[in-house]
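Atoms considered below: every heavy atom in the structure, side chains included; atoms not considered: hydrogens, waters and symmetry mates.
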Amino acid sequence: MSAGVNFFDGRSGTVVQVGTLNGSVELGQRTRRAVRLVPAITSVFRDRMPEFATLDAWAERAEEGGSRLWNITGPSGIGKTTLALTWINENRHRFDHAQIAMECGGGPGEGRGRSVEEVCDRYFALAGMAQAAGTPAAKMELLSSLIEGEKVALLLDDVQSAAQVLPFLSNLPGVLVISTSRLPLAGLAQYQPQRLSLASLPDEAVMEMLVEIVGADRVAAEPEATAELVRLCAGLPILASHAAGLLHDDWELRLSDLTHQMAVQGRLTALEAGHDDPMARPSAVFEVMYRELGAPAAQLYRALGLHPVRDFDPGLVAALFSESPGDGVAGLEQLKKRGMVKSDQRHRYLMEDLTYEHAALAARRDLDPAVRTWLRSRIADYYLYGAIAASRHLSQRWTLSPLYEQTAPFPLPEFALSEGQRDPIAWIGDNLAAIMACMERVGRVWEGTGLPRGYRWQMAEATHAYFTVSGRSDERATVLAWAEEDADACQNPDAQARIQAQWGEMLLGQGRLEEAEQRFQRSLEAAEAGIEYRGIGAALEWLGITERRCGNPAAALEYFDRAMPFLDPARPRSQALLQMHRGDAHAVLGDVPAALERYAAATALFRRLADEGRRDHVNEGKVLMGQAELLVRGRPRQARALFEEALTLFQTARRPYQEAKVWEVLGDLGDGAAAWQNALELYESVGAQEASERVRVKLQ
């Protein structure tokens with residue numbers, strides 16, 4: 001709503017507005033159909049018949065001794081104020097002494113809203129009672145005396161705390177107090193408040209508004225654009241009314257052009273057009289709360305407007321305020337108290353979409369370009385360093401990015417795989433949308449920004465272990481495509497080799513053997529042109545694995561022999577893996593003694609790693625699986641013990657696909673339907689369709 005004069009028609013008794021209700025409001029419509037907002041545009045607030053019925057029922061109960069404190073809640077722009085004002089106006093016969101509206105959200109107080117003292121002063125001034133009382137207590141006592149025993153409707157709009165409401169709840173039996181706030185008000189339970197959470201308008205109501213204001217013919221002429229406009233408005237009256245008004249005032253503006261502008265520029269920005277009066281703009285309601293924030297909260301608010309998605313975790317705040325962590329905590333707390341961000345049970349935070357759009361608008365308008373660039377870089381770095389820290393807990397592979405050897409310039413989440421600690425898999429999964437958005441944005445803003453290349457391929461390396469565990473192949477393919485483009489642009493053959501190897505590993509896991517082999521060949525060619533010898537060994541090893549999967553174990557062993565000189569002698573894990581792969585190849589050849597010998601050698605090396613506190617649960621489990629599969633016919637008890645030990649390792653490492661394979665084998669060994677059902681659920685969780693179908697047949 002926009003600032004201006006409130007117009008009343010009909011017999012309204014004493015009506016006083018204290019402060020600024022953000023809009024020009026015309027009360028006294030003959031029907032409940034609409035409240036019309038008339039700033040520089042024409043806009044309409046639709047019927048809310050169910051909500052009106054609820055308020056009517058509450059009023060009946062209040063007259064019989066029920067609660068006289070109501071709290072209407074909902075996000076900014078949902079229409080809380082207009083609903084309350086319209087109901088009060090239509091029920092002024094219940095409040096023949098006075099209907100009072102007080103805007104409580106603005107003013108001093110570090111975003112806590114206007115104090116009762118200021119509300120009283122404004123009331124006395126409008127009532128012609130200058131210097132009516134001195135102390136806050138005297139002011140409140142005088143106000144109470146003026147309305148005590150009378151039938152009064154008091155709207156406290158945009159309340160920030162219970163302290164603004166409590167003075168009006170004592171010894172004022174005839175007063176109905178209606179408060180609006182973004183979140184339910186805490187600290188008022190003893191007064192048994194009635195609470196109404198205002199929902200978005202249904203699409204049908206938004207469509208009716210467009211037809212009424214824009215015109216049926218014009219709406220019918222662009223059905224697809226109309227449907228898109230309804231979607232973009234998302235049931236929010238502030239958007240629907242301003243969009244309808246903008247189209248009404250500009251008959252040359254096509255609906256398709258407006259929806260395009262809203263999609264590209266942001267909805268608030270696109271609807272600002274044509275408003276010379278700042279208070280007539282749809283962003284005005286957000287400006288009120290933004291301008292009342294303390295410095296740390298305003299700083300964080302603008303920074304979040306540059307964050308690529310609406311949700312984030314507290315670690316981001318710590319990274320943004322690494323030099324003054326106390327300010328970050330204080331700023332976040334203030335945004336939470338004002339309902340500008342919300343938290344969930346996992347301690348993640350979310351901005352409502354319109355609040356997020358306004359934060360982005362404020363960042364573009366109020367920050368220097370250099371500051372915006374720094375903030376975007378810090379946000380991108382937080383996710384890259386965070387992914388690297390997470391990957392250290394998920395994988396023991398050798399790494400190429402130099403950032404693995406550096407200390408982050410800000411605090412990072414403390415990851416651990418043990419229960420109750422910060423889960424690195426969950427952290428990457430929760431932040432994957434932001435990670436991918438940062439990768440996309442880095443690629444988009446290379447030109448003319450001076451930002452260094454290399455972000456995308458380093459992020460692909462850092463998230464590799466996560467994707468291996470989670471099996472999210474669609475997102476992984478997108479990440480690798482960006483990373484491949486980045487590595488090529490950097491002209492870094494070692495990075496090219498690493499990304500091609502990751503492509504091949506993903507394709508190999510999907511059973512696309514020919515495509516995987518092509519990627520591994522590219523990886524080998526790139527590694528031979530680089531300086532990182534381990535890349536050559538990795539490519540040769542993967543080619544050997546692919547040949548073995550293709551049923552060519554002899555060719556696989558040749559590749560393993562070629563890879564041997566390129567293994568890192570300081571990394572026993574590399575030696576263990578090669579021994580494991582050799583054992584797999586010998587098993588395919590049917591040379592059981594040689595396979596068991598290689599598996600035993602690999603097991604010894606993995607046990608050594610475990611003794612050093614660097615246990616590789618997954619690959620140690622794979623070796624046990626290989627041994628068990630060779631022993632299952634001749635020594636079934638020993639094989640079962642190995643399978644069960646492997647199962648524990650896979651469960652510890654949270655590898656659902658490998659765990660499913662063990663459950664399937666245990667089902668084959670006699671555990672039956674229960675084991676197969678476990679296998680089926682795990683296969684389905686990672687999208688292994690062929691394996692899922694195989695187990696379904698066994699269950700039948």
Side-chain angles (χ1 to χ4, degrees), residues 1-39 42-56 58-59 62 68-106 113-114 119 122-123 126 151-159 164-165 168 175-182 194 196-198 201 209 236-238 240-242 279-280 282 284-285 288:
M1 298 173 60
S2 307
V5 178
N6 285 355
F7 299 97
F8 302 85
D9 95 3
R11 297 175 56 85
S12 57
T14 303
V15 182
V16 181
Q17 177 182 322
V18 181
T20 301
L21 287 172
N22 301 317
S24 301
V25 183
E26 181 181 334
L27 294 178
Q29 300 297 313
R30 296 296 197 279
T31 69
R32 187 173 293 171
R33 182 167 182 73
V35 173
R36 295 190 181 276
L37 310 177
V38 193
T42 300
S43 54
V44 174
F45 185 81
R46 303 306 302 173
D47 295 344
R48 284 198 179 271
M49 297 302 291
E51 291 83 357
F52 266 90
T54 297
L55 297 181
D56 287 342
W58 289 354
R68 305 187 69 83
L69 171 61
W70 303 351
N71 184 203
I72 303 175
T73 64
S76 297
I78 200 71
K80 302 182 295 293
T81 304
T82 305
L83 171 66
L85 284 171
T86 306
W87 186 87
I88 289 172
N89 184 55
E90 292 197 9
N91 287 269
R92 55 184 176 271
H93 60 280
R94 299 178 187 269
F95 315 104
D96 53 7
H97 178 72
Q99 303 104 49
I100 306 173
M102 300 181 177
E103 208 291 325
C104 300
R114 285 195 175 91
V119 170
R122 288 175 177 265
Y123 173 81
L126 289 173
K151 294 182 179 180
V152 176
L154 173 61
L155 170 61
L156 303 178
D157 191 49
D158 195 19
V159 171
Q164 295 172 292
V165 180
F168 301 102
V175 177
L176 173 67
V177 179
I178 305 176
S179 62
T180 69
S181 57
R182 294 172 189 85
Q194 298 280 10
L196 174 62
S197 178
L198 206 55
L201 292 174
M209 179 188 299
L236 295 174
I238 194 172
S241 62
H242 280 83
M279 295 309 293
V285 65
V288 171

> Quick one: does E51's side chain get under 4.5 Å of W87's, heavy atoms only?
Replying inline: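 No, side chains not in contact.
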>> Contact between V177 and L156 at the side-chain level, heavy atoms closer than 4.5 Å - yes or no?
In response: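 A side-chain contact under 4.5 Å exists here.
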> Are L196 and L55 close enough, and set up right, to give a side-chain contact (heavy atoms from CB on, under 4.5 Å), and what steps lead you there?
Replying inline: CA-CA 9 Å; L196 174 62; L55 297 181; 4.2 Å; yes
>> Test side-chain contact (heavy atoms from CB on, under 4.5 Å) on L154 and I178; report intermediate values, then the result.
In response: CA-CA 6 Å; L154 173 61; I178 305 176; over 6 Å; no
> When rounded to the nearest 0.5 angstrom, what distance separates OG1 in T81 from CD1 in I72?
Replying inline: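 One gets 8.5 Å once the value is rounded to the nearest 0.5 Å.
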> Hey, what do you get for CZ (R92) to CD (E90), rounding to the nearest 0.5 Å?
Replying inline: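 Going from CZ on R92 over to CD on E90, the span is 8.5 Å.
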Is it true that a side-chain atom of [X] and a backbone atom of [Y] form a donor plus acceptor pair closer than 3.5 Å?
X	Y	value
N89	L85	no
K151	V175	no
K80	D157	no

>> Given T180, which partner from the list V159, T73, L155, T82 fulfils the side-chain contact (heavy atoms from CB on, under 4.5 Å) test?
In response: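 Exactly one pass, corresponding to L155.
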> Between L83 and F52, which heavy-atom pair has the shortest distance, and what is it?
Replying inline: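 Shortest heavy-atom separation between L83 and F52 comes out as CD1-CE1, 3.8 Å.
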> Do the charged groups of R182 and D158 touch, with an N to O distance under 4.0 Å?
Replying inline: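 Looking at R182 and D158, the cut-off is met.
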>> Taking ring-ring contact (aromatic ring centres under 6.0 Å, His included) as the definition, give me every residue that meets it alongside W58, ordered by chain and number, with sequence neighbours left out.
In response: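 W58: ring-ring contact (aromatic ring centres under 6.0 Å, His included) contacts with W70.
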>> Does either side chain, that of S181 or that of N71, offer a donor lying less than 3.5 Å from an acceptor on the other one?
In response: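 The answer is yes; a qualifying pair exists.
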